[in-house]
Amino acid sequence: MSRQADRNKVFSRRATLLAGGKLLLFTALAGRMYYLQVIEREKFATLAEENRISLRLLAPPRGRILDRFGVPLAINQENYRMLLVPEQASDIEATLEAASEIIPLSDHEKTKILREAKRRRSFMPVTVRENLTWNDVARVELNAADLPGCMIDVGQSRFYPKADRFSHVLGYVSVVSEQDLTGDPLLELPGFRIGKAGVERVHDLALRGKGGNTQLEVNALGRVIRELARNEGQPGAEVRLTIDATLQDFAYQRLGEQSASCVVMDVHSGQVLVMASAPGYDPNAFAQGLNAEQWKDLIQHPRTPLLNKCIAGQYAPGSTFKMMVALAALEHNVVSPDFNVHCSGHVELGNSVFHCWKKEGHGYVDMLRGIMHSCDVYFYEISKRVGIDRIADMAKRFGLGNTLDIDLAGEKPGLVPNREWKQRNLRSAWSQGETLVAGIGQGYMLTTPLQLAAMTARIANGGIAVRPRLTYEVATGHESAPLPTPTYPSIQINKANLAIVRKGMRMVVNEPGGTALGSRLPNPDWIMCGKTGTAQVRRITMRERDTGVKKNDELPWKERDHALFVAYAPDDDPKYAIAVIVEHGGGGSAVAAPIARDVMMETLRRDPVSDGARDRFAYSAEKDRAG
Amino acid sequence: MILEPRGNMRRDGNMGIGEKLWHVSWSLVALIALVASVGFFMLYSAADGSMSPWANKQIVRFAFGVGLMIAVALVDVRFWMRQAYLIYGVALFLLVLVDLFGTIGMGAQRWINLGFVQIQPSEIMKIALVLALARYFHGASHEDVGRPLFLLPALGLVMLPAALVVVQPDLGTAILLILGSGATFFLAGVRLWKFGILIALGVGAIPIGWQFLREYQKNRVLTFLNPERDPLGAGYHITQSKIALGSGGLFGKGYMEGTQSQLNYLPEKHTDFIFTMFSEEFGMVGGLLLLVLYACLIAYGYAIALRSRSQFGRLVAMGITSIFFLYVFINIAMVMGLLPVVGVPLPLISYGGTAMLTLLFGFGLMIGVYVHRDVNMGRRGASDDV
């Protein structure tokens, strides 16, 4: 027990020592308090009361977005807003009442402003209204005497001169939300906006620039005395797109009121010249803030204005897929181009009957005529021989069934089914009937207009795996440095086989009997090659076949077929590829092909990727003002 | 101030829950709540007179923490004694894990994300180390403590986690671990000259250690030595803190009236620099009162330690008290420019859930030691082996 007593004694003695030490240290703290708060109080009090430096962040101007020739697509506009400094207004409510004589303010807005004014320090201005018209500004200035504490302030807001025609490509900017905060102090600035969709989002960091700061002398109440130093920061970079704005305008107008999309790209470099999705929406409304009703209208609109159909609309490719089937058959030597099939209007497989679009049949058809007439029975026959896996493999090599990684957010992958896919996702075996359906681009198959344009470009450029891209350059400062064209790999395809398919596509548009003969180019110097497609969105029952298949215009809009057309031109030296899809438009040859013809004609006329185009179309602000 | 045990004192420690609750030192709980309430008022002021975003969350956390504290206090101390090494082992394992896979936050790797909850192993280690050292010295006689070889494993118990914490990098916690354990060694009876050797070694290692510090850590030390070095950069915090505190004077500027804090000159006013804000608004008188409250809490720790019949209990109570003291001292010294900025919060007052939970868990252990003060404990924590 003495051993323990010994230990206890040591413990007690040492605990006392330790307590003494702690007391000493606490006394030191108290002494420091005395030093700072009593002896040195005068000095610190002066420092606190006197003017001192306050660092404030400055938002850099957001970079502009231009088209390939420098036409401004997204710019910053001066935004006049009315601010109210509560302490300068003797009676805030009275001032607001007077202000609403000039700018009508709802009760809801008034209570919001009052609440905001109460929450902040009385010398901090509160926003009464943004985006004032010049007229409003003048009237506020004129009535300044009746509006104590009110002032007009100039800020910057984003403006999209081309409004709905570029809404899907450019996206929009909006206020920073909680999950956007990354620690960049700029994001915490009141009123700061960041890109939420499209190019604005993809290039947000570059467009944003670097924040500057200003050192202000501020008195103890926080009122600014004067500015000591200013660092402007770095304005956001200018993003120049590959799009040709004039061409995009043309295409968008040509799509008109329909729910449709159109992509035009350079078959060699992958530069996208047109990416039009109709209907669009007005991104300027987003910058100003939408009310609940406008928002509801947008999201409930049957023609989905918020969706960029070019990259996020997924459609069965229909007959535009037949090139893939033909190439798969030729590459695997399953059939020769001369292989003949007799089309009687339908073909039987087991208990099922598969119909050709032409009820009375095409008679004897070889590969070229199969493409030209878009004979379904011919492609039923050869896809049966090739098999789904080899067809799917070919389609993937041409860019279908996967995202193409375009520099835009929200691209959809589409779907190219094969045996493994069905087993994995639907847990059932592939049936041969499904191969026939896939052979005419129906069934599970899904593609986007962008993918169809890329597929057509790859056919046109001789089998180079070109990928579409939208960014021409991101320019910081005045130096122009276009992004280099990537070197695309070859997709390893026999040129002779490609030539057969291309000849078939040429016949579609230019030979009597071709499904798009009416859409050949009016200028005989330029030959366009293409392929029509009509994607069925409903099932045609046996009974309907007996009584006669209903015509599209007899059906409700939602049940009508999608109209598709893909093409490239000119035939001798392909430069541009185009894909047009009109949702529920009816037939590809009647609806989509004429649009493609007009847009392609305009593209060839402007020839925006040629060397001379830059000189001819270069944007100048003076010219714009004069026009 | 501490309740006298009732007549039917049971040394086997097999008390019922009711009896244990009766023995809980409720006056200590009330004191803790009082200090925490000072924090709620300051967080309300820091948010410009608003419960959100800080005060309301802090109150919820505190309520939860007090529940945890009482629950911990009711657990038999012998359980903590038996599991001390296991808890230490788990904490050490988690520290290794956080070094390998931890989430980076504020430039340091301190968190493990378990999906539903984030844990900070260095916090667990503070408690685990106190328990492990208390167990190690519990069975040691005075002669044992005299032998250098006996001390080496205990030294290892401290240095291993300290090294793991330094690489995170979290210098503040490492210092807390080392100094806190120093108190346990001291109370266990380790000779003073041995401390002398360790301190000498430590001072000798400073030039070597300097090279391993991160840039921001070096800046903090250099700024501490010369605050005017960079008044708008790294020295900004400390200069602004001194202005705010000093201008508070003897009686302060009044609650919610601190111009420096309220105008946002003072950074981190809701976390590490909350004492500055308190002192600006309540002056030296307020600061001293708060210091006295803290001193009372520490005195409770001493009283509990001296009343405990087991060495384990004593060392646990003193270990917790020492860590608590270090928190208070380092934080206040730091905001007054007596120590470099190391990122130690003001206990029970600064906003933050993890440190609050660690402290309340520690106080739970301390109260547990008090509840079970008369329990017999053998060398391995069983009551029969004396």
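Residue numbering restarts at 1 for every chain, and letters A, B, ... go by the order of the sequence lines. Quantities reported herein were computed from a predicted structural model and do not represent experimental measurements.
In terms of heavy-atom pairs under 4.5 angstrom with chain A, the leader among B:L250, B:V145, B:L315, B:I332 is B:I332. Chosen from A:L17, A:L23, A:I39, A:L25, the residue pairing most often with chain B at heavy-atom distances under 4.5 Å is A:L25. Residue with the most contacts toward chain A among B:A183, B:S322, B:G252: B:S322 (heavy-atom pairs, distance under 4.5 Å).
Note that CE of A:M33 is 3.5 Å distant from CZ of B:F275, once rounded to the nearest 0.5 Å. Separating the OG1 atom in B:T321 from the CG atom in A:L18 is a distance of 9.5 Å, to the nearest 0.5 Å. Taking CD from A:E40 and NZ from B:K242, the interatomic distance works out to 8.5 Å, rounded to the nearest 0.5 Å.
B:K57 NZ: 12 or fewer foreign heavy atoms inside a 6.0 Å radius. Other residues, nucleotides and ligands contribute at most 12 non-hydrogen atoms within 6.0 Å of the CZ atom of A:R201. Counted within 6.0 Å of CZ on B:F195, heavy atoms from surrounding residues, nucleotides or ligands total more than 12; the atom is thus considered enclosed.
Neither the backbone nor the side chain of B:L326 comes within contact range of chain A; no heavy atom of the residue lies under 4.5 Å from a heavy atom of that chain. Heavy atoms closer than 4.5 Å to chain A are found nowhere in B:F251, neither backbone nor side chain. With a threshold of 4.5 angstrom between heavy atoms, A:Y34 approaches chain B through its backbone and through its side chain. Contacts of B:Y302 with chain A are made by side-chain atoms alone, with heavy-atom separations under 4.5 Å and no backbone atom involved. Proximity to chain A is absent for every atom of B:S50, based on heavy atoms less than 4.5 angstrom apart.
Considering only residues two or more places apart in sequence or on other chains, A:E42 meets the salt bridge (Lys or Arg N to Asp or Glu O under 4.0 Å) condition with none of them. Shown here are the side-chain hydrogen bond (donor to acceptor under 3.5 Å, both in side chains) partners of A:R129, two or more places apart in sequence or in another chain: A:E109.
Summarising the geometry of A:L29 relative to B:M336, their closest heavy-atom pair is O-CE, 3.4 Å, with the distance given to 0.1 Å. When all heavy atoms are compared, the tightest approach of A:F11 to B:A305 is CZ-CB, 4.3 Å.
Judged purely by atom type and a 3.5 angstrom limit, A:R7 uses its side chain to pair as donor or acceptor with the backbone of B:A140.
Contact of the A:Q37 side chain with the B:V285 side chain is not registered, since no non-hydrogen atoms from C-beta on lie closer than 4.5 Å.
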